[in-house]
Amino acid sequence: MIINKVSEELYSKAVGYIPGGVNSPVRAFRSVGLCPHFIKSGQGSHIVDEDGNDFIDYVCSWGPLILGHANPEVLDAISRTMRDGTSFGAPTRREIDMAELISELVPSIEMVRLVSSGTEATMSAIRLARGYTGREKIVKFSGCYHGHSDGLLAKAGSGAATFSIPDSLGAPKSLVEQTIVLPYNDLEGVRECFQSMPGQIAAIIVEPIAGNMGVVKPLAGFLEGLRDICSSNGSLLIFDEVISGFRVALGGAQELYGVIPDLTCLGKIIGGGLPVGAFGGPRKIMEFLAPVGGVYQAGTLSGNPLAVSAGLATLRILKRDNPYPSLEEKSSRLTRGLAEILSRKSLKNTVNRLGSLFSVFFDMESVTNYEEAIKADKSRFNTFFAKMLDQGIYLAPSAFEAWFVSTAHSDQDIDYTLNCAERSL
Ligand code: KE4
């Protein structure tokens, strides 16, 4: 039985100073109706909260920690860097190393601009696409979440979906009107949209593997179709690979599906747990950015030495060790086990997985878009979540998020998780 006493005390103090007691809404556990646990430390695949409860962690900071918590090589890179200072507001050698490595691992990225979050990356990529094409409209898909910039908070996934706030207060109507929201995996709908607005659409932004309505994979031909539609309409295809980048393959979803976007947005893993985002693409587009071109974008801590050293160390380890086959093996064993337990208990379910990224939908046979995802049995998820938490398994506190497996998750972790699922269901 998990004691949550200290966390409850901390939470009651936190809500006095921080809206909802958290610095990011989904952490508030509101969707699952529980008090959030204040985390004290993490090591490998485990986190420990302020009451001393130990959990196997499948949130992994919402994706960045593909190597697990406090990876020794990553910590070593940060500590070596910080001895020379933390930030200069000037170019550093390390930023070239990072740009070169990203470009090597994601060949469609000839040039890259580092920022401090995924939101900044997608917001800037959209502005760049508008500046490059001279057009204003953008297309996104319901259930996809691309961070919280005004124009992208239309039928967003993740926190917004969890709170079923399809559009956010405060996002100017004039701006959101420029955002067209279509159903994910509906290629015909995209075609019709472009036919109805010839020459007006600057870009499509898409999670090539959606991770913010639960995990939803592209149907065969969907990404290829988006590529063709953008190419024949002079619009840019933007892949938001903040989750999928370096997660599903070293080259991300674009390597896996062989579909090349015009711009790619990155985040999470490329910061190794510190704040880094990035967006990149061909030189002919990227050089529209200031100070070369007329699209302004900036950031005090963009390319921050500490954050870049953590990200560089992480990417170098992924390149050196190629953990993807073992991540695949561990994650498939976990999802097969979960599906088998659910089926044995004759609980209808579907598990959408790609590599070490997956989610479980209760009471659904298949989920290929947001409209289907929201039909999944949320209350059963919430009961499952609470019972797993009580046994020391820390899942994302929302049916609209993903499970993340790291290189630090052991076979024992997987076995124990399956035992807990057996008891929870
Ligand atoms: P950040 O600004 O939170 O670094 O990144 C925004 C973002 C952009 N694109 C995708 C595909 C994303 O998933 C995200 C952020 N993901 C959420 C949860 N899936 C972060 C968790 C949170 O909001 O606290």
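For ligands, and for the atoms within them, numbers begin at 1 and follow the listed sequence.
For ligand 1, the atoms lying closer than 4.0 Å to a non-hydrogen atom of Lys268 are 13 (O), 15 (C), 16 (N), 17 (C), 20 (C). For ligand 1, the atoms lying closer than 4.0 Å to a non-hydrogen atom of Gly147 are 6 (C), 7 (C), 8 (C). Remark: ligand 1 atoms within the under-4.0 Å shell around heavy atoms of Ser117 are 2 (O), 4 (O). Atoms of ligand 1 lying under 4.0 Å from any heavy atom of Glu207, numbered from 1 in the order shown and given with element: 11 (C). Which parts of ligand 1 touch Ile243 is read off a 4.0 Å heavy-atom cut-off, strictly below it: atoms 13 (O). Under a 4.0 Å criterion applied to the non-hydrogen atoms of Val26, ligand 1 contributes the atoms 22 (C), 24 (O).
Taking a cutoff of 4.0 Å between a charged side-chain nitrogen and a carboxylate oxygen, Asp186 and Arg191 do not qualify as a salt bridge. Under 4.0 Å is where a charged nitrogen must lie from a carboxylate oxygen, and between Glu9 and Lys13 no such pair does. With respect to the salt-bridge test (charged N to carboxylate O, under 4.0 angstrom), the residues Glu110 and Lys284 do not qualify. A salt bridge does not link Arg93 to Asp97: none of the charged side-chain nitrogens sits closer than 4.0 Å to a carboxylate oxygen.
Note: no N/O pair closer than 3.5 Å links Thr122 and ligand 1 by distance alone. When only interatomic distances are considered, the shortest N/O to N/O separation between Ser24 and ligand 1 falls below 3.5 Å. The distance criterion of under 3.5 Å between nitrogen or oxygen atoms is met by Gly118 with respect to ligand 1.
The ring of Tyr58 has its center no closer than 6.0 angstrom to the ring center of Phe404. Within the 6.0 Å centre-distance limit, the rings of Phe385 and Phe29 are counted as a close aromatic pair. When ring centroids are compared, Tyr184 and Phe222 come within the 6.0 Å threshold. Under the 6.0 Å cut-off for aromatic ring centres, Phe55 and His37 qualify, their centroids lying closer than that.
Ranked by closest heavy atom to atom 8 (C) of ligand 1, the top entry among Arg27, His146, Met123 is His146. Counting only non-hydrogen atoms, the option in Tyr145, Phe239, Trp62 that gets closest to atom 10 (C) of ligand 1 is Tyr145.
With a heavy-atom cut-off of 4.0 Å, Thr119 touches ligand 1 through backbone and side chain alike. At a heavy-atom distance under 4.0 Å, only side-chain atoms of Glu401, from C-beta outward, approach ligand 1.
Between Asn212 atom CG and Cys144 atom SG the span is 7.5 Å, to the nearest 0.5 Å.
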